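Worksheet: the structure to be examined is printed underneath.
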Amino acid sequence: MSSDTVDMATPDEGKVESEATTPQDNALAQLSRAAEEIEVSEYVIERLSHPHKVHEVTVPMKHDDGSHSMYTGYRVQHNAVRGPYKGGIRYHPEVSREESIGLAMWMTWKCAVMDLPFGGAKGGVAVDPKTLSETERERLTRRFTEEIRDVIGPTKDIPAPDMGTNPQTMAWVMDAYSMQEGETIPGVVTGKPPVVGGSEGREGAPGRSVAIITREALDYYETPLESATIAVQGYGSVGANAARLLDDWGATVVAVSDVNGAAYDDTGLDPHEIPSHDEVPEAVTRDAETVITNDDLLGLDVDVLIPAAISNVLTAETVEYVQADLIVEGANGPTSAPADELLEARGIPVIPDILANAGGVTVSYYEWLQDINRRSWSLDRVTRELESDMLEAWEAVREAHETHGVTWRIAAYAVALKRLEAAHEARGLWP
Ligand code: NAD
């Protein structure tokens, strides 16, 4: 431990910070909150408050009708002290420098909590992909890849899919990069289709990790899985996979939602019968006997609430009516900093995103290992390795939670920040 440390301190009781609005605000608020409670070098906290590099590029694209548009793209590389940068590429109108910095920071913590040899990155293009044809999306992706080609690579920075992008997008990135490098380099991106080096089990991995962590957390709080009731907000890749696994393992899923509202049955829904966002978009309430609102779902008296849709759904306002005994974050950043403090004051544990949904980046790591070794793993092996890595991360966070007497989020930060601090101290500051 270095001498310039931030002492453990108790946050002002009853003090609620102003609502953080961007992922960068939220990520910085979480980091400074963690720094108040854990002994970590001041230099390391200061270093981690700033990204290493922010790349901003202009992406010109020719539309199918011959007209042109100029889009802005970003690649933020937050920290690489433990290994190459790793993080998604997002296509969304609100992609920005601030959003990419916040999301890149979360990737740094997530990789460190999981003890993966990666740092954090994020990026994307400020565009609404729904307004583009398939051929336009391909041209945009190839040109964006070219614009960031010199800063990505299998040992530099490895992108993955995120909002608005998918395995096909990653196949185009891999092809565009490989064509310019003159050789096929599958390890430059993860989340590819398995025919070009993608991993079995990648798609379902974030939902699987949410289910594993929910199971462990219920066990910790001595609630049998078989008697647990669960509500899931968001029925996409993360929410549907988590709900279905928890149902398979004996839990009772009483509500699931999409952007239109929630299907509800207090005796239990069959999540396998409800189409996920990928299967039939926004069809959760289509055949439901009882439909409630998303706000109603957040207020259900269940054992576990899993917000798995978008960020900032649990705010100082909405947490007022949360009645769940436990929250497991499926989405990235679903709980604002003030909401987090209110939940802590009410004694409702929140298992953080950087642990719970980290199955995605963990199987991305397996994919990268498979790519650089030119070997593919079976689904069974991926499932076994993920189970074991999630349990190891859970144990590390549980130990920090008990040792420091802090919330689960601070405990996850403690695990991540200690590993990052150790790497920074071992490497030193160059020159
Ligand atoms: P998705 O697009 O597959 O599904 C999102 C679901 O949320 C849809 O059912 C949609 O209708 C619903 N939704 C959207 N807005 C909503 C709202 N305001 N209220 C209620 N429901 C709403 O997305 P996904 O891949 O499952 O990702 C969900 C969250 O998990 C995001 O925060 C994402 O960043 C995070 N995440 C995803 C992955 C991954 O690999 N898919 C990994 C880690 C974290």
Side-chain angles (χ1 to χ4, degrees), residues 23 26-27 86-92 94-95 99-100 102-104 106-107 109-111 113-114 120 122 124 129-130 159-167 169-170 189-192 198-199 201-211 213 231-244 255-263 271 274-286 291-298 305-315 318 328-335 352-365 367 386 390:
N26 206 354
K86 184 91 193 76
I89 290 179
R90 176 174 284 203
Y91 290 171
H92 190 275
E94 281 164 28
V95 164
E99 181 189 76
S100 302
L103 296 173
W106 270 316
M107 287 306 298
W109 322 142
K110 209 178 273 193
C111 292
V113 168
M114 293 306 302
K122 207 77 167 196
K130 290 191 213 110
D162 197 83
M163 212 182 275
T165 58
N166 58 26
T169 322
M170 294 305 110
V189 279
T190 59
K192 301 177 294 296
S199 180
R202 169 65 181 81
E203 181 61 30
R208 176 170 287 273
S209 67
V210 169
I213 294 300
V232 181
Q233 186 196 44
Y235 208 59
S237 168
V238 178
N241 280 303
R244 288 172 184 174
V256 301
S257 75
D258 63 20
V259 72
N260 299 319
I274 300 173
S276 73
H277 183 70
D278 282 344
E279 291 156 357
V280 188
E282 325 303 11
V284 161
T285 52
R286 194 185 54 187
V291 175
I292 59 173
T293 66
N294 267 292
D295 280 352
D296 292 338
L297 179 145
L298 295 180
L305 172 64
I306 303 180
I310 50 170
S311 58
N312 269 329
V313 289
L314 294 172
T315 60
T318 58
V328 179
E329 295 184 332
N332 286 321
T335 313
D353 45 9
I354 57 171
L355 170 66
N357 71 26
V361 69
T362 304
V363 175
S364 273
Y365 168 56
E367 178 174 336
L386 181 60
M390 291 312 304

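Counting starts at 1 for both ligands and their atoms, in listed order. Values in this document were obtained by computation on a predicted structure and should not be read as measured data.
- Below 4.0 Å from some heavy atom of Arg202 lie the following atoms of ligand 1, by number and element: 40 (O).
- Side-chain polar atoms of Arg202 and Ser364 form a donor-acceptor pair below 3.5 angstrom.
- The distance from ligand 1 to the heavy atoms of Ile310 drops below 4.0 Å at these ligand atoms: 15 (N), 18 (N).
- Not a single heavy atom of Ser311 lies less than 4.0 angstrom from ligand 1.
- Atoms CG and CZ, on Asn260 and Arg286 in that order, are 12.0 Å from each other to the nearest 0.5 Å.
- If you number the atoms of ligand 1 from 1 as listed, the ones under 4.0 Å from a heavy atom of Ala308 come out as 28 (C), 29 (C).
- In this structure, Asp258 contributes its side chain and Ala283 its backbone to a donor-acceptor pair below 3.5 Å.
- Remark: ligand 1 atoms within the under-4.0 Å shell around heavy atoms of Glu282 are 10 (C), 11 (O).
- Against a heavy-atom cut-off of under 4.0 Å, Gly234 is close to the following atoms of ligand 1: 6 (C), 7 (O), 12 (C).
- For Asn357, no nitrogen or oxygen atom sits less than 3.5 Å from a nitrogen or oxygen atom of ligand 1, counting backbone and side chain alike.
- Judged purely by distance below 3.5 Å, without hydrogens or angles, the side chains of Asn166 and Thr169 pair a donor atom with an acceptor atom.
- Scanning the protein for heavy atoms near atom 21 (N) of ligand 1, the closest one is Asp258 C, 3.4 Å.
- With ligand atoms numbered from 1 in the order given, ligand 1 contributes 29 (C), 30 (O), 32 (O), 35 (C) to contacts under 4.0 Å with heavy atoms of Ala331.
- A donor-acceptor pair under 3.5 Å is absent between the side-chain atoms of Thr285 and the main chain of Ala263, judged by distance alone.
- Side-chain N or O atoms of Tyr235 include one that pairs as donor or acceptor with a backbone N or O of Pro271 at under 3.5 Å.
- In this structure, the protein non-hydrogen atom closest to atom 4 (O) of ligand 1 is Gly236 CA, 3.1 Å.
- The only option from Asp353, Thr362, Asn332 that meets the side-chain hydrogen bond (donor to acceptor under 3.5 Å, both in side chains) definition with Lys110 turns out to be Asn332.
- Interface of Val238 with ligand 1, defined as ligand atoms under 4.0 Å from a residue heavy atom, comprises 26 (O), 27 (O), 30 (O), 36 (N), 37 (C), 38 (C).
- Scanning the protein heavy atoms around atom 22 (C) of ligand 1, the nearest turns out to be Ala309 CB, 3.5 Å.
- In this structure a side-chain-to-backbone donor-acceptor pair under 3.5 Å is present from Glu367 to Gly191.
- Counting only heavy atoms from C-beta outward, the side chains of Val328 and Val210 approach each other to under 4.5 Å.
- Backbone and side-chain nitrogen or oxygen atoms of Asn332 are examined, and one is located within less than 3.5 angstrom of a nitrogen or oxygen of ligand 1.
- The shortest N or O to N or O distance between Ser237 and ligand 1 is under 3.5 Å.
- Listed by number with element, the atoms of ligand 1 under 4.0 angstrom from any heavy atom of Pro206 are 38 (C), 39 (C), 40 (O), 42 (C).
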